[in-house]
**Student:** 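Quick one: the structure is below, and I'll ask about it shortly.
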Amino acid sequence: MRIRFSKIATLAIFAALASGCEQVAPDSPGGSLVKRGEYLAKIGVCAACHTPPKTEGANCPATESPIDLERRTNPDWLAYLDETRPMAGGVPFLIRFDANTSGVVHSRNITPDPDTGIGNWTDAQIKDALRNGRRPDGTAIIRFPPHTFYEKLAEDDLTALVAYLRSLKPVQHAVLPSKLPFPMPAGNAGPAAPTAPTGRSNERADYLMASLVGCKECHSHNAPDGTLRPFIGGDPSDPVLGVFRLGPDLPLRQNEQGLATFPYPGYALLWGPNLTEFGQNGPEKDVPASELVKAIRTGVSPENDKDGRPGLLAHVMMWQFYKDMSDDDAYSIANYLKDLNYVPHKTPPIRYFGADRNGMFKYLFNAAPSASDQALFGLNSPVNSVACGNP
Ligand code: HEC
Ligand code: HEC
């Protein structure tokens, strides 16, 4: 990412140094609208889905297993994004409803390119797309978290995000259309709150986690009756919320958060841990908020691993995108978690499947992959064609 050394930015850096290196959100006085939008896009992880993966080094056409194709061993998630085409879209998400019903959703080009991006959209149209999932031509955007959160974004944050998207380099990149077996309706969120809560407060944390940042979705699961059990971690009885497939070509379902590809050279299942353990009366209640902030920003767990070393969190935790989260935002969230009441719930340890994709599939969906699954998740799946640079 390029840093522009404007006078204001330089002053902000000096101010930060003078105040003991606090990480200040760009929405503080002096921060520009574009900078604020860039900050929101960063902690909102837009690039994780909208920036295409680097294709160099891929063995094409795909003759090896997808694992060999990927060879993702660098722990830096950002290293896999094609920084020459930020936000140019085309990342496929495979959504499996059942053995015979699936869809493929490609993230879109959200650069200002007039032909293949959103360059011809008005500000109001971009905001409508984010809040209501509606395109200027009236078609609905297929939304899964965090897109489903954006209806709660406040007007000033939407304005900043639009300013940032407009500041991007236009990239000509036509992405494949998305396909679902049934139509998706657009939303109808009503008027947005004029301004987002600011400062360091539970209100700010609540707003961030409802409108932009995915902590709650990833660290929760649904009870059998469908009610959300927030922040208590994933559960094997719910294969949709709070469980992450690590590996190259992974099925996602409707309403599922996360990405189709996570940097892990092999197949594994990982459950989001119970965050209420750090809250009131929890077994980890003595962990200070600063340790949670460290986990959010650097991916170092507040808990040591079984050998007493600092536990390093998988990239799914998104800390590479949270590393510039402001002190106010990170502490708002950490303090909010410290205020939660402990709810006992053990999340399973990570489960490794190595190269046994069918084994993982079976464990997760309780069935061997069907013909439809093979077509979608097999060697010729859309994920692999993107890894080979086409489209
Ligand atoms: C989990 C992945 C994911 C994340 C994170 C994400 N998006 Fe998207 N986005 C998508 C997908 C997939 C589509 C296309 C859905 C479809 O085809 O109907 C999309 C569509 C859009 C569109 C509509 C564009 C069009 O041409 O239809 C806009 C605008 C957009 N995203 C902006 C953003 C912004 C801004 C952020 C961050 C604040 C963001 N997205 C974060 C996956 C994501
Ligand atoms: C895309 C899903 C995802 C998102 C978004 C996410 N997490 Fe996580 N988080 C995980 C997973 C999975 C782990 C376990 C990683 C591991 O064990 O390597 C984790 C681990 C953690 C841990 C360490 C817990 C422990 O017991 O060691 C903390 C703390 C945490 N997350 C807090 C947060 C907060 C706060 C946010 C929002 C700012 C957040 N997470 C967003 C998936 C996510």
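The figures here come from the full heavy-atom set of this structure, side chains too, leaving out hydrogens, waters and symmetry mates. The residues of the chain are indexed from 1 along the displayed sequence. Counting convention: from 1, in listed order, for ligands and their atoms alike. It should be emphasised that the depicted structure is a prediction, and the values quoted were computed from it without experimental measurement.
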**Student:** Below 4.0 Å, non-hydrogen atoms only: which portion of Pro177 touches ligand 1? Side chain, backbone, both or neither.
**Tutor:**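 Neither part.
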**Student:** Heavy-atom distances under 4.0 Å decide this one: backbone, side chain, both or neither, for Asn109 against ligand 1?
**Tutor:**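 It is neither part, as no heavy atom is under 4.0 Å.
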**Student:** Which atoms of ligand 2 are found less than 4.0 Å from any heavy atom of Leu275?
**Tutor:**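 Ligand 2 atoms under the 4.0 Å threshold to Leu275: 28 (C), 29 (C), 30 (C), 32 (C).
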**Student:** Could you list the atoms of ligand 2 found under 4.0 angstrom from a heavy atom of Leu292?
**Tutor:**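 Taking each heavy atom of Leu292 in turn, ligand 2 has 29 (C) under 4.0 Å.
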**Student:** Between Tyr363 and Leu269, is any pair of side-chain heavy atoms under 4.5 Å apart?
**Tutor:**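 SC-SC contact between Tyr363 and Leu269 confirmed.
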**Student:** Going by the order shown, which atoms of ligand 1 are within less than 4.0 Å of some heavy atom of Arg135?
**Tutor:**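 With Arg135 as reference, the close atoms of ligand 1 come out as 16 (C), 17 (O), 18 (O), 25 (C), 26 (O), 27 (O).
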**Student:** Heavy atom under 4.0 Å from ligand 2: found in Asn274's side chain, backbone, both, or neither?
**Tutor:**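 No part of Asn274 is near ligand 2 at this cut-off.
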**Student:** From the options Ile110, Val45, Ile118, select the one whose nearest heavy atom is closest to atom 22 (C) of ligand 1.
**Tutor:**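 Residue with the shortest heavy-atom distance to the ligand atom: Ile110.
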**Student:** So, is Trp271 polar-close to ligand 2, with some N/O to N/O distance under 3.5 Å?
**Tutor:**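 Looking only at distances, the answer is no, because the N/O contact criterion of under 3.5 Å is not met.
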**Student:** Looking at Asp327 and Arg297, does any basic side-chain N land under 4.0 Å from a carboxylate oxygen?
**Tutor:**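 Salt bridge flag = yes for Arg297 with Asp327.
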**Student:** Within less than 2.8 Å of atom 8 (Fe) of ligand 1, any N, O or S from Cys49?
**Tutor:**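 Given the 2.8 Å cut-off, Cys49 does not count as a ligand of atom 8 (Fe) of ligand 1.
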**Student:** What do you reckon, does Ser301 have a nitrogen or oxygen under 3.5 Å from a nitrogen or oxygen of ligand 2?
**Tutor:**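 Looking only at distances, the answer is yes, because the N/O contact criterion of under 3.5 Å is met.
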**Student:** My understanding is that we take every heavy atom of each candidate and find the minimum distance to atom 36 (C) of ligand 1. Doing that for Pro145, Gly89, Cys46, which one comes out nearest?
**Tutor:**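 It is Cys46 that holds the nearest heavy atom.
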**Student:** Under a plain distance cut-off of 3.5 Å, with no hydrogens placed, do Ser326 and Asp328 share a side-chain donor-acceptor pair?
**Tutor:**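 The criterion, which ignores hydrogens and geometry beyond distance, is not satisfied for Ser326 and Asp328.
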**Student:** Report, in ascending order of atom number, the atoms of ligand 2 lying under 4.0 Å from any heavy atom of Gly214.
**Tutor:**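 The list of qualifying atoms is 5 (C).
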**Student:** For ligand 2, is there an atom lying under 4.0 Å from some heavy atom of Leu337?
**Tutor:**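 Checking ligand 2 against Leu337, which is what was asked, there is a heavy-atom contact under 4.0 Å.
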**Student:** Using a 4.0 Å heavy-atom cut-off, which part of Glu217 comes near ligand 2: side chain, backbone, both, or neither?
**Tutor:**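 Neither; nothing of Glu217 gets under 4.0 Å from ligand 2.
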**Student:** Below a 4.0 angstrom heavy-atom separation, can you tell me which part of Ile296, side chain or backbone, both or neither, approaches ligand 2?
**Tutor:**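 Side chain only; the backbone of Ile296 stays clear of ligand 2.
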**Student:** Taking the side chain as every heavy atom from C-beta outward, state whether Gln280 and Asp339 have any pair of such atoms under 4.5 Å apart.
**Tutor:**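 Counting from C-beta outward, Gln280 and Asp339 do come under 4.5 Å.
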**Student:** With a 4.0 Å cut-off on heavy atoms, is Arg143 in contact with ligand 1?
**Tutor:**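 Contact absent.
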**Student:** Within the structure provided, determine whether Thr227 and Asn222 are in side-chain contact (heavy-atom separation under 4.5 Å).
**Tutor:**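 No; the side chains remain at least 4.5 Å from each other.
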**Student:** Within the 4.5 Å heavy-atom criterion, are Thr148 and Glu217 side-chain neighbours or not?
**Tutor:**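 In short, these two side chains do not touch, never coming nearer than 4.5 Å.
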**Student:** Out of Arg36, Lys35, Lys42, which residue meets the salt bridge (Lys or Arg N to Asp or Glu O under 4.0 Å) rule with Glu38?
**Tutor:**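 That would be Lys35; it is the only one of Arg36, Lys35, Lys42 passing the salt bridge (Lys or Arg N to Asp or Glu O under 4.0 Å) with Glu38.
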**Student:** Under 4.0 Å from a heavy atom of Glu303: give me the atoms of ligand 2 that qualify, with their elements.
**Tutor:**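 Those atoms are 25 (C), 26 (O), 27 (O).
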**Student:** Would Thr111 and Asp113 count as having a side-chain donor-acceptor pair, cut-off 3.5 Å?
**Tutor:**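 The criterion, which ignores hydrogens and geometry beyond distance, is not satisfied for Asp113 and Thr111.
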**Student:** Does His50 approach ligand 1 within less than 4.0 angstrom via side chain, backbone, both or neither, non-hydrogen atoms only?
**Tutor:**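 For His50, the contact with ligand 1 is made by the side chain alone.
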**Student:** Compare all side-chain heavy atoms of Leu153 with those of Tyr207 and state whether any distance is below 4.5 angstrom.
**Tutor:**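 Side-chain contact under 4.5 Å: yes.
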**Student:** Keeping Ser107 on the side-chain end and Cys49 on the backbone end, is there a donor-acceptor pair under 3.5 Å?
**Tutor:**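 It does hold such a pair.
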**Student:** Going by heavy atoms, is Ala41 under 4.0 Å from ligand 1?
**Tutor:**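 The answer is no, since Ala41 has no heavy atom less than 4.0 Å from ligand 1.
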**Student:** Less than 4.5 Å apart, side chain to side chain, heavy atoms only: is that true for His106 and Pro177?
**Tutor:**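 Heavy-atom side-chain distance check fails, nothing below 4.5 Å.
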**Student:** Nearest 0.5 Å please: distance from the CG atom of Leu130 over to the CZ atom of Arg143.
**Tutor:**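 Reported value, rounded in 0.5 Å steps: 10.0 Å.
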**Student:** Heavy atoms only: which of Pro349, Pro302, Ala205, Cys218 is nearest to atom 43 (C) of ligand 2?
**Tutor:**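 Closest candidate by heavy-atom distance is Cys218.
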**Student:** Does any N or O of ligand 1 fall below 3.5 Å from an N or O anywhere on Ser178, backbone included?
**Tutor:**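 Yes, Ser178 has an N/O under 3.5 Å of an N/O on ligand 1.
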**Student:** State, with a plain yes or no, whether a side-chain heavy atom of Arg135 is found less than 4.5 Å away from one of Arg108.
**Tutor:**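 A side-chain contact exists here, since the closest heavy-atom pair is under 4.5 Å.
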**Student:** Decide, counting backbone as well as side-chain atoms, whether His147 has an N, O or S atom less than 2.8 Å from atom 8 (Fe) of ligand 1.
**Tutor:**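 So His147 does bind atom 8 (Fe) of ligand 1 by this criterion.
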**Student:** Report the member of Gln125, Lys179, Arg108 with the shortest heavy-atom distance to atom 26 (O) of ligand 1.
**Tutor:**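 That would be Arg108.
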**Student:** Measuring to atom 8 (Fe) of ligand 2, does Met317 have an N/O/S atom at a distance below 2.8 Å?
**Tutor:**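 Yes, Met317 qualifies, because one of its backbone or side-chain N, O or S atoms lies under 2.8 Å.
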**Student:** Considering Cys215, Gly233, Gly234, Gly242, which one's heavy-atom position lies nearest to atom 37 (C) of ligand 2?
**Tutor:**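 Among Cys215, Gly233, Gly234, Gly242, the closest heavy atom to atom 37 (C) of ligand 2 comes from Cys215.
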**Student:** Does some side-chain heavy atom of Pro283 sit less than 4.5 Å from a side-chain heavy atom of Tyr342?
**Tutor:**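 Side chain of Tyr342 against side chain of Pro283, heavy atoms only: contact under 4.5 Å found.
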**Student:** Just which atoms of ligand 1 are under 4.0 Å from any heavy atom in Trp121?
**Tutor:**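 By the 4.0 Å cutoff, the relevant atoms are 24 (C), 25 (C), 26 (O), 27 (O).
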**Student:** Report, in ascending order of atom number, the atoms of ligand 2 lying under 4.0 Å from any heavy atom of Leu270.
**Tutor:**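 What qualifies from ligand 2 is 12 (C).
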**Student:** Which of the atoms of ligand 2 are close to Ile333, meaning less than 4.0 Å from one of its heavy atoms?
**Tutor:**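 Ligand 2 atoms under the 4.0 Å threshold to Ile333: 35 (C).
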**Student:** For Tyr150, is at least one N or O under 3.5 Å away from an N or O on ligand 1?
**Tutor:**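 No - when backbone and side-chain N and O of Tyr150 are compared with those of ligand 1, no distance drops under 3.5 Å.
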**Student:** Side-chain heavy atoms under 4.5 angstrom apart, residues restricted to Ile, Leu, Val, Met, Phe, Trp, Tyr: same cluster for Leu292 and Ile43?
**Tutor:**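 Same hydrophobic cluster.
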**Student:** What atoms in ligand 2 come closer than 4.0 Å to a heavy atom of Met318?
**Tutor:**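 It comes down to these atoms of ligand 2: 1 (C), 5 (C).
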**Student:** Under 30°, 30 to 60°, or over 60°: which ring-plane class applies to His345 and His221, parallel, tilted or perpendicular?
**Tutor:**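 Aromatic pair His345/His221 classed tilted.
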**Student:** With heavy-atom distances below 4.0 Å as the criterion, list the atoms of ligand 2 near Val213.
**Tutor:**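 Listed by number with element: 37 (C), 38 (C).
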**Student:** Compare every heavy atom of Tyr322 with every heavy atom of Ile296, then report the nearest pair and how far apart it is.
**Tutor:**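 Scanning both residues completely, I find the closest heavy atoms to be O-CB, 3.3 Å.
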